[in-house]
Amino acid sequence: MTWDTEFAISIIPQLLQGLVVTVQAVVIGYAVALVLGLFVAVLRMVRGVGPVVFAVFEFIRTTPILVQLLFVFALAPPSITPLTIGVSVLGVHYAAYTAEVYRSGIEGVAKGQWEACRALSLPPVRTWGAVVLPQAIRKVVPALGNYLISMFKDTPYLFAITVPEMMFVAKAIGTESFRSMEAYTLAGLFFLAVSVPSAVIIRRLERRYAAV
Amino acid sequence: MDFFLNRFPAYLDGALTTLMLTLLGSLLAFILAMVIGILGTLRNPLARGIATVYTEAFRGVAALILLFWFAYAVPQITPYQLSPIFAGVLALGLNVGAYGAEVVRAAINAVPRAQTEATIALNMSWARRMWLVLLPQAWAQMLPTFGNLIIELMKASAIVSLINVADLTDVAGTLRQSTGETIPAFVSALIMYFVIAQVLILGMRMLERQANRRLGRAPTGGGLLSLLRPPTPGTRVGAAK
């Protein structure tokens with residue numbers, strides 16, 4: 001068998017539908033990772049709770065996301081949709097990475113800022129909310145951007161838990177028609193078409209931030 | 001616990017397959033990273049073009065798509081049927097090699113310019129400059145990131161279970177189906193992955209300490225062991241994606 005262009009063109013709409021699901025999953029999962037990661041980073045600094053939180057997220061970070069997906073999928077009741085499971089697992093897994101980024105930002109805040117807060121006897125909520133986090137987050141925005149692309153490249157794993165994203169569509173086409181070459185090659189190209197431009201944009205943002 | 005102990009041989013087999021994939025994949029990735037990374041530091045536009053195309057293409061596509069491409073698409077238009085393990089090593093190695101190439105390129109470029117100028121003044125050949133001056137200095141800078149990449153590769157190797165390679169993930173899935181005990185089956189596998197990762201982190205830290213000592217630089221930390229020490233800013237092995 002050889003490459004069949006007509007067939008390749010005929011499957012583009014199906015694959016694009018899968019791509020839409022992929023992008024949906026990334027956007028929601030990333031939002032979860034951004035918010036949860038911040039909580040984890042702050043909790044890690046709390047005496048007593050910190051080491052436990054660290055150990056839990058170290059575990060999540062150093063074990064494969066695919067296994068975590070399969071595990072939660074096997075446990076979850078059937079009423080929860082695969083997409084919900086996928087987005088939650090992606091979000092929690094990536095929170096472990098974003099927490100590291102926030103942590104580096106928090107550690108980068110000058111010591112004098114903390115001392116000033118103590119001197120003014122600001123309550124902890126205002127110390128974090130008004131002084132430390134605004135400075136910390138601004139510094140790590142570019143690093144957080146990288147995880148968006150990274151997460152995008154992990155979404156094909158969702159196919160293992162039957163989320164109808166692009167990989168799932170490609171596999172279905174391959175099995176139905178016995179034409180895997182066209183389906184997987186196009187899926188790869190669509191992937192590039194999204195990830196290369198976003199990498200360029202993020203690199204540009206990084207450079208702009210670095211210049212400030 | 002009993003579940004795990006009773007089925008330890010099965011998990012061990014799976015873990016060995018995972019380790020073998022990690023080792024072969026890392027080896028391929030390392031070779032590619034070195035070759036493509038060095039190409040990326042050259043003046044020659046063709047060499048740099050090759051490096052750019054390779055890194056952009058293989059960083060941009062997910063390892064899973066590469067894996068399925070090698071396993072299912074290649075046999076469609078060529079007479080070759082790649083063994084699932086070989087397809088896995090290729091997909092993981094090509095993907096991670098692209099990240100590694102960027103690390104190598106950046107580390108070599110980060111060596112102070114005066115070092116290169118000194119080698120030119122000494123009339124050193126390009127090969128001697130690379131081997132004796134640039135690479136040893138870049139090495140210490142590459143190691144922490146290489147450590148992260150190897151752990152990423154180890155974790156990503158779980159995808160081969162989707163093309164029926166009996167790795168750790170596949171063993172967990174099979175035992176889950178045959179026993180119906182979801183939690184012990186998966187938790188056992190996750191713990192083994194965690195242990196493998198911690199061992200890898202420990203090994204990389206030893207390499208790093210060695211490289212830093214040779215250059216007279218301060219060591220860097222990472223892994224679960226860093227719990228024992230107060231947190232310090234800087235690179236942590238296993239920290240980044």
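Within every chain, numbering begins at 1; the chains are lettered A, B, ... in the order of the sequence lines, protein sequences first and strands thereafter.
The aromatic rings of A/Phe59 and B/Phe194 sit tilted relative to each other, their planes meeting at an angle between 30° and 60°.
Residue A/Ala187 touches chain B through both its backbone and its side chain, counting heavy-atom pairs closer than 4.5 Å. Contacts of B/Ala73 with chain A are made by both backbone and side-chain atoms, with heavy-atom separations under 4.5 Å. Heavy atoms closer than 4.5 Å to chain B are found nowhere in A/Thr155, neither backbone nor side chain. B/Ile183 touches chain A through backbone and side chain together, each having a heavy atom under 4.5 Å away. Looking at A/Ser195, the atoms closer than 4.5 Å to chain B (heavy atoms on both sides) all sit in the side chain, from C-beta outward. Using a 4.5 Å cut-off between heavy atoms, B/Phe70 does not touch chain A at all. Contacts between B/Ile191 and chain A at a heavy-atom distance below 4.5 Å involve backbone atoms as well as side-chain atoms. For B/Ala156, the parts lying under 4.5 angstrom from a heavy atom of chain A are both the backbone and the side chain. Both the backbone and the side chain of A/Leu70 come within contact range of chain B, with heavy atoms under 4.5 Å apart. Contact of B/Leu162 with chain A is made through the side chain alone, with heavy-atom distances under 4.5 Å. For B/Ser157, no part sits under 4.5 Å from any heavy atom of chain A, backbone or side chain. For B/Ala158, the parts lying under 4.5 angstrom from a heavy atom of chain A are both the backbone and the side chain.
In this structure, the side chains of B/Leu168 and A/Val67 stay at 4.5 Å or more apart for every pair of heavy atoms. Counting heavy atoms from C-beta outward, A/Ile65 and B/Lys155 have side chains that stay 4.5 Å or more apart. Using a 4.5 Å heavy-atom threshold, the side chains of B/Tyr193 and A/Pro64 count as touching. The side-chain heavy atoms of B/Glu56 and A/Leu192, taken from C-beta on, include no pair separated by under 4.5 Å.
Around CZ of B/Arg7, the count of heavy atoms belonging to other residues, nucleotides or ligands within 6.0 Å exceeds 12. Heavy-atom contacts from other residues, nucleotides or ligands closer than 6.0 Å to CD of B/Glu181 number more than 12. Heavy-atom contacts from other residues, nucleotides or ligands closer than 6.0 Å to CZ of A/Phe7 number more than 12.
Here OG1 of B/Thr182 is found 11.5 Å from CZ of A/Phe73. Values are rounded to the nearest 0.5 Å. Atom CD of B/Gln76 and atom CD of A/Glu182 lie 5.0 Å apart (nearest 0.5 Å). Note: A/Met181 CE to B/Tyr72 OH = 15.0 Å, rounded to the nearest 0.5 Å. For the atom pair A/Ile60 CD1 and B/Leu190 CG, the distance stands at 10.0 Å (nearest 0.5 Å).
Heavy-atom pairs under 4.5 Å with chain B peak, among A/Tyr157, A/Phe191, A/Tyr184, at A/Tyr184. The residue among A/Ala193, A/Ala160, A/Pro156 with the most heavy atom pairs within less than 4.5 Å of chain B is A/Pro156. Between chain A and the options B/Ile159, B/Leu64, B/Asn95, the largest number of non-hydrogen pairs under 4.5 Å is found for B/Leu64.
Across all their heavy atoms, A/Thr62 and B/Met154 have their closest contact at O-CE, 4.4 Å. Minimum interatomic distance between A/Met167 and B/Ile65 (heavy atoms only, all atoms of both residues): SD-CG1, 3.5 Å.
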Self-check item: Residue pair B/Arg176, A/Phe71: steps toward the side chain to side chain contact (heavy atoms under 4.5 Å, CB included) verdict
Solution: CA-CA 10 Å; B/Arg176 186 224 153 204; A/Phe71 184 26; over 6 Å; no
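Residues of residues 75-91 of chain A lying under 4.5 angstrom from chain B, judged on non-hydrogen atoms, are A/Leu75 by number.
Evaluation of the side chain to side chain contact (heavy atoms under 4.5 Å, CB included) rule for A/Phe168 yields A/Phe159, A/Thr162, A/Pro164, A/Glu165 as partners, not counting sequence neighbours.
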